[in-house]
Asks: 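Structure below; questions to follow.
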There are 2 protein chains.
Amino acid sequence: METSFEQPESPWDVYLRSCPCREVLDLVANKWTALVLGALGRRPHRFGELRRAVDGISQKMLTQNLRSLERDGLVTRTVYPTTPPTVEYAHTELGTEITVYLDAISTWTVGNFDRIRVAREAYDTRVLTPVT
Amino acid sequence: METSFEQPESPWDVYLRSCPCREVLDLVANKWTALVLGALGRRPHRFGELRRAVDGISQKMLTQNLRSLERDGLVTRTVYPTTPPTVEYAHTELGTEITVYLDAISTWTVGNFDRIRVAREAYDTRVLTPVT
DNA sequence: CGGGATCCGGTCGGATACTG
DNA sequence: CAGTATCCGACCGGATCCCG
């Protein structure tokens, strides 16, 4: 992968409850953020395209997510005055950076799901055989 | 950073609603997972230590998270039969791998919060000056 | 097409009390 | 110390209807 960005020094400690970065971490840790940003990583998408690309997301959640991402400067929203309206979402610089990390997680997840499933089954069938 | 792991080929597509990997992504995308795993990355922790390390997490949420992480084979839970009981949580191999990626995100978040805050303030003060 | 508005059930998640 | 159990309010998130 080999894609690390500069990490400026910071006076903040995300392990403290009062750290404002917690909000950002919450946004990134959102159920859909990794998939939405990941889809945008390939190319800009229109709203409907995005909705189809991220299978299972509702229109409401997609809208909410995109608003949050736009607010935090991770995606741009461009409206073309056509009829019917065309709206295109794309990464910002900031969005591209974080997406690299999120994609790594998505990829790791699918690549190692077998190992996780084994652990899960072991956990779910344990306890049934301890002492008795 | 320079820490990428092998990513086995997989027949799953996390962009499909039916992909079982979605569950794992949800776990990893949890509000607290990055912080809990990050704390464990430094060294094993006892329950109380972890509670104090991840400032703001409630005991209930910490317990639930640790159970999920244990179930999916990301952390181990070791009970020492002392009085009062001593319980130690630590990473598994699997947990160490994913934690590298999560730490990258946490670090990026604190390092770039300034840029995000600027974007956020721009967003929040916009619209108030368009046409009128 | 790209949403906004509303209703509403389900779950998240904190506070509190109790236990071995 | 390391939890479990319960109450309960807040918000998540889907379904539905509507609009420019």
Asks: Sequence neighbours excluded, which residues qualify as side-chain hydrogen bond (donor to acceptor under 3.5 Å, both in side chains) partners of Thr78(A)?
Replies: none
Asks: Backbone N or O of Tyr123(A) within a donor-acceptor pair of the Arg126(A) side chain at under 3.5 Å?
Replies: yes
Asks: Do Leu66(B) and Tyr89(B) have side chains that get closer than 4.5 Å, going by heavy atoms?
Replies: yes
Asks: Apply side-chain contact (heavy atoms from CB on, under 4.5 Å) to the pair Thr99(A) and His91(A), showing each step before the final yes or no.
Replies: CA-CA 9 Å; Thr99(A) 301; His91(A) 273 172; 3.1 Å; yes
Asks: Taking the side chain as everything from C-beta on, heavy atoms only, tell me whether Tyr101(B) gets closer than 4.5 Å to Ile98(B).
Replies: yes
Asks: At the 4.0 Å heavy-atom cut-off to chain B, mark where contacts on DNA chain C begin and end, going 5' to 3'.
Replies: dG13(C) to dG20(C)
Asks: Mind checking salt bridge (Lys or Arg N to Asp or Glu O under 4.0 Å) for Arg67(B) and listing every partner two or more places apart, or none if nothing turns up?
Replies: none
Asks: With axes from five pairs an end, tell me the bend angle of the helix from dC1(C)-dG20(D) to dG20(C)-dC1(D), nearest 10°.
Replies: 50°
Asks: Go through the steps to decide whether Asp103(A) and Trp108(A) satisfy the test side-chain contact (heavy atoms from CB on, under 4.5 Å), and finish with yes or no.
Replies: CA-CA 8 Å; Asp103(A) 278 347; Trp108(A) 184 90; over 6 Å; no
Asks: For nucleotides 8-15 of chain D, give me one character per nucleotide, 5' to 3': B if any protein heavy atom sits under 4.0 Å from the base, S if the only such contacts are to the sugar-phosphate, - if neither.
Replies: -----BBB
Asks: Which residues pass the salt bridge (Lys or Arg N to Asp or Glu O under 4.0 Å) test with Arg52(A), not counting sequence neighbours?
Replies: none
Asks: Pairs of donor and acceptor atoms involving the side chains of residues 21-30 of chain A, under 3.5 Å and at least two apart or interchain, shall be tabulated with distances.
Replies:
{"residue": "Arg22(A)", "atom": "NE", "partner": "Val14(A)", "partner atom": "O", "Å": "2.8"}
{"residue": "Arg22(A)", "atom": "NH1", "partner": "Asp55(B)", "partner atom": "O", "Å": "3.2"}
{"residue": "Arg22(A)", "atom": "NH2", "partner": "Val14(A)", "partner atom": "O", "Å": "3.3"}
{"residue": "Arg22(A)", "atom": "NH2", "partner": "Tyr15(A)", "partner atom": "O", "Å": "3.2"}
{"residue": "Arg22(A)", "atom": "NH2", "partner": "Asp55(B)", "partner atom": "O", "Å": "2.8"}
{"residue": "Glu23(A)", "atom": "OE1", "partner": "Arg120(B)", "partner atom": "NH1", "Å": "2.5"}
{"residue": "Asn30(A)", "atom": "OD1", "partner": "Trp32(A)", "partner atom": "N", "Å": "2.7"}

Asks: Which ones in residues 41-51 of chain B lie close to DNA chain D, meaning a heavy atom under 4.0 Å from one of its atoms?
Replies: Arg46(B), Phe47(B), Gly48(B)
Asks: With a 4.0 Å heavy-atom cut-off, tell me which residues in residues 71-85 of chain B come close to DNA chain C, sorted by residue number.
Replies: Pro85(B)
Asks: For Tyr89(B) and dG3(D), is the shortest distance between a side-chain N/O and OP1 or OP2 below 4.0 Å?
Replies: yes
Asks: State whether the side chain of Thr92(A) and the backbone N or O of Gly73(A) hold a donor-acceptor pair below 3.5 Å, judged by distance alone.
Replies: yes
Asks: Is a side-chain donor or acceptor of Thr109(B) paired with a backbone partner of Ile105(B) at a separation under 3.5 angstrom?
Replies: yes
Asks: With sequence neighbours excluded, what pairs up with Ser68(B) under the side-chain hydrogen bond (donor to acceptor under 3.5 Å, both in side chains) test?
Replies: none
Asks: With sequence neighbours left out, what residues match Gln64(A) under side chain to side chain contact (heavy atoms under 4.5 Å, CB included)?
Replies: Lys60(A), Met61(A)
Asks: Is the shortest heavy-atom distance from the side chain of Asn112(A) to the side chain of Glu97(B) under 4.5 Å?
Replies: yes
Asks: Hey, can you pull the donor-acceptor pairs under 3.5 Å for the side chains in residues 43-51 of chain B, sequence neighbours left out?
Replies:
{"residue": "His45(B)", "atom": "ND1", "partner": "Arg43(B)", "partner atom": "O", "Å": "2.7"}
{"residue": "Glu49(B)", "atom": "OE1", "partner": "Arg46(B)", "partner atom": "N", "Å": "2.7"}
{"residue": "Arg51(B)", "atom": "NH1", "partner": "Ile57(B)", "partner atom": "O", "Å": "2.9"}

